[in-house]
Structure formats: C-alpha cells, structure tokens
Amino acid sequence: MPPEAEGGTQDSPPATTRQVAPPSAPVSIAPWEDIPPEYQAQDEGQPLAQPHPQPDRMPLPQQGEATLVLPVVELPAPRIERPPSTATPPSGRRLVPTELGETWHALAETLIERSLLTGIARELLLQSQLLQQAAQEADATQALWTIRVENETLNHEGSRKRLEGALAELGHAVLLRIECGRVVDTPGLRLAKARAAEQERAEQTFIGHPYVQAMMRDLDAQPVAGSIRFTREPGPQGA
C-alpha cells in the first residue's frame with residue numbers, strides 16, 4: 001500500500017504562476033488638462049498653492065479695509081511770456097542821429113532800391129557813417145567825402161571804388177576816404193530801428209484785435225513768443 005494511503009489523503013498547496021503585465025504605453029495628457037506646478041500639492045494632505053495675482057487682477061479691498069485716496073491736482077497750463085518789444089536794433093546799439101545821417105540814409109535807400117550795390121560794397125554802405133562832405137574845389141573833378149566803419153574788413157579798395165561808382169550814377173562825383181572807429185548813425189542802424197518799430201506796431205495790432213482779446217480773457221491764451229511777424233503788403237504790379 002502506498003505510503004500516502006496510510007496516513008490518509010493529504011492535500012498539497014496548488015502551484016501558483018506569476019504573470020508579468022506587458023509594459024503599458026505612456027499616458028498622454030491633453031494640454032488643457034495639464035495642471036501647472038503651483039496647483040499641485042507637494043505632499044498628500046497639503047493645500048494647493050495659490051497662484052500669484054496678476055497686476056491687472058489685483059484683489060479688491062474688502063469691506064472695512066482702509067482705502068488710500070489720492071487727490072487729483074490739476075496743474076495750470078504754462079504761460080509763455082511775450083518779451084516786450086522795443087525800438088532798439090537787434091544788436092542792442094541805439095541809434096544816435098547826426099547831421100549828415102539823414103542824407104547818407106536817403107542815398108543808401110536809393111542805391112538799394114535800384115540794386116546798384118551787392119556783397120561787401122553793399123555792407124560798406126549800410127555799416128558806414130558819413131562824417132564830412134567837403135565842397136568840391138573848382139579845379140577838382142571829385143569832392144572828398146569821409147565815412148567811418150567799425151569793421152576793418154570793409155575798408156577794401158574794390159568795395160570803395162564800387163561805392164564811388166554807384167554814387168556817381170546818382171550824380172555825386174565823390175572820392176571816399178574811409179577811417180575806422182565807432183559809429184552811431186549808419187543806414188543799417190536806421191533800417192533796424194524802422195523794422196523794430198514796424199514789428200512793435202504789428203504786435204500791438206494783433207493783440208488789440210477783439211477776437212484775440214476774447215481768447216486772452218476767456219481762455220487765458222497768450223501769443224507764442226516770436227510768432228508775430230511784420231510783412232509788407234506787395235504793391236501793384238509794375239509799381
């Protein structure tokens with residue numbers, strides 16, 4: 001009799017077989033389902049981290065919290081002060097009329113109007129002061145006139161001869177003698193004074209206009225410095 005039969009039947013544990021699952025494919029998460037790191041808990045049971053508030057989504061103050069209110073201050077518009085107009089030439093030198101100054105200025109206006117002088121000869125005329133007109137002697141062909149200039153570069157023989165030729169066309173046969181020194185009455189100074197006076201009249205006419213006065217009174221408007229210019233009206237054709 002087999003030994004197994006003597007002690008009765010003894011159940012043996014069944015043999016187990018371990019099954020290995022095949023490797024799973026990587027799980028793909030849709031972009032819109034991906035959770036940012038700041039929303040993930042570090043450990044189980046910890047609350048989720050809150051995202052940083054965006055500048056345009058700052059939390060509003062709750063009821064009872066102190067709110068800082070800053071007053072709005074309106075700055076006045078800048079006012080442009082108009083410099084007072086004077087009849088002084090731009091160079092700052094004042095005109096001191098002399099006895100021969102009017103005569104020399106009248107000759108200069110005629111020469112410029114007829115365009116008889118240009119360049120340095122024209123500057124010699126405008127920046128010179130007539131000091132003396134010697135009478136023409138009987139045996140002399142030219143009278144001697146003395147003029148003065150401050151700029152020595154204008155004392156040029158070529159310019160002097162051109163000025164003598166232009167005066168001769170007006171009927172003045174003269175010989176010019178040029179000296180250097182301070183001048184106080186030249187055609188240039190007289191023209192500058194006349195332009196300054198015209199500019200002052202133009203500014204007064206503009207500011208005195210009723211519409212401009214209303215703008216200055218109601219809107220506190222001010223003319224922009226240097227924006228007013230005197231212009232001569234063109235004369236009729238052929239004049």
Side-chain angles (χ1 to χ4, degrees), residues 83-206 208 225-239:
S85 299
T86 61
T88 306
S91 60
R93 178 173 301 173
R94 292 185 177 275
L95 172 68
V96 181
T98 60
E99 182 179 356
L100 297 177
E102 187 64 34
T103 301
W104 192 236
H105 177 65
L107 290 173
E109 285 186 324
T110 304
L111 293 174
I112 293 174
E113 183 180 357
R114 296 187 183 183
S115 300
L116 297 178
L117 290 174
T118 59
I120 300 180
R122 185 176 183 272
E123 290 301 316
L124 174 62
L125 171 66
L126 293 176
Q127 299 185 31
S128 60
Q129 176 179 343
L130 182 60
L131 298 179
Q132 184 180 6
Q133 285 179 308
Q136 184 175 355
E137 299 180 359
D139 56 347
T141 57
Q142 294 175 313
L144 180 62
W145 289 8
T146 303
I147 60 176
R148 177 185 293 172
V149 294
E150 288 189 359
N151 192 350
E152 295 183 0
T153 59
L154 296 177
N155 189 2
H156 187 266
E157 183 179 0
S159 301
R160 177 181 59 81
K161 290 184 176 181
R162 289 178 57 191
L163 180 54
E164 290 173 350
L167 291 171
E169 293 190 24
L170 299 182
H172 301 280
V174 298
L175 179 63
L176 294 177
R177 184 169 65 90
I178 303 176
E179 65 179 43
C180 295
R182 179 176 175 82
V183 297
V184 295
D185 188 3
T186 66
L189 290 175
R190 287 178 177 260
L191 290 175
K193 181 179 180 180
R195 285 194 298 266
E198 291 171 345
Q199 176 68 23
E200 184 178 7
R201 286 195 298 269
E203 294 177 0
Q204 292 177 354
T205 301
F206 177 81
S227 62
I228 305 174
R229 288 286 185 268
F230 171 80
T231 57
R232 294 182 179 274
E233 295 183 358
Q237 274 190 337

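When a residue number appears, it is its place in the shown sequence, counting from 1. All figures in this text were calculated on a predicted structure; none of them were measured in a lab.
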Could you check whether any side-chain heavy atom of L163 comes within less than 4.5 Å of a side-chain heavy atom of L117, counting everything from C-beta outward?
yes
Go through L111 and L167 one step at a time and tell me if the side chain to side chain contact (heavy atoms under 4.5 Å, CB included) criterion holds.
CA-CA 8 Å; L111 293 174; L167 291 171; 3.9 Å; yes
Please determine whether side chain to side chain contact (heavy atoms under 4.5 Å, CB included) holds for the pair T186 and V183, giving the CA-CA distance in whole Å, both sets of side-chain angles, and the decisive distance to 0.1 Å.
CA-CA 7 Å; T186 66; V183 297; 3.8 Å; yes
Checking H156 side chain against G158 main chain: does a donor-acceptor pair fall under 3.5 Å?
yes
Does atom CD1 of I120 have more than 12 heavy-atom neighbours, drawn from other residues, nucleotides or ligands, at distances under 6.0 Å?
no
Sole residue of E179, R177, Q133 in side chain to side chain donor-acceptor pair (under 3.5 Å) with T146:
R177
Atom pair CD/OG1 of E198 and T205 - distance to nearest 0.5 Å
11.5 Å
Is a side-chain N or O of Q199 found less than 3.5 angstrom from the main chain of I228, in a donor-acceptor match?
yes
With rounding to the nearest 0.5 Å, note down the distance linking CG in L130 to CD in E99.
10.0 Å
Distance-only, no hydrogens or angles: does the T110 side chain make a donor-acceptor pair with backbone N or O of A106 under 3.5 Å?
yes
Can you tell me how far the CZ atom of R201 sits from the CD atom of Q204, to the nearest 0.5 Å?
9.0 Å
State, to 0.1 Å, how close A134 and A143 come at their nearest heavy-atom pair, and which atoms those are.
O-CB, 3.5 Å
Using the ring of each side chain (for Trp, its six-membered ring), is W145 parallel, tilted or perpendicular to W104, with breaks at 30° and 60°?
perpendicular
Pair E102 + R190: basic N to acidic O under 4.0 Å:
yes
With side chain to side chain contact (heavy atoms under 4.5 Å, CB included) as the test, would you mind laying out the steps for H172 and L107 before giving the verdict?
CA-CA 10 Å; H172 301 280; L107 290 173; 3.6 Å; yes
Distance check, rounded to the nearest 0.5 Å: L176 atom CG versus I147 atom CD1?
5.0 Å
For the pair E123 (side chain) and L154 (backbone), establish whether a donor and an acceptor sit closer than 3.5 Å, ignoring hydrogens and angles.
no
Closest heavy-atom pair, S128 versus L125, reported as atoms and distance to 0.1 Å, is OG-O, 3.1 Å
Mark yes or no for whether E150, through its side chain, and C180, through its backbone, hold a donor-acceptor pair below 3.5 Å.
no
Sequence neighbours excluded, every pair satisfying ring pair (Phe, Tyr, Trp, His ring centres under 6.0 Å) that has a member inside residues 106-132
none
How about R162 and T118: does a side-chain donor come under 3.5 Å of a side-chain acceptor?
yes
Can you tell me how far the CD atom of Q127 sits from the OG1 atom of T153, to the nearest 0.5 Å?
8.0 Å
Rounded to the nearest 0.5 angstrom, the CD1-CD distance for I178 and E152 is 12.0 Å
Would you indicate whether the side-chain heavy atoms of Q142 and V174 approach each other to under 4.5 Å?
no
Is a donor on one side and an acceptor on the other found under 3.5 Å between the side chain of Q129 and the backbone of V184?
yes
Side chain to side chain contact (heavy atoms under 4.5 Å, CB included) for L131 and R148? Distances and angles first, verdict last.
CA-CA 7 Å; L131 298 179; R148 177 185 293 172; 3.5 Å; yes
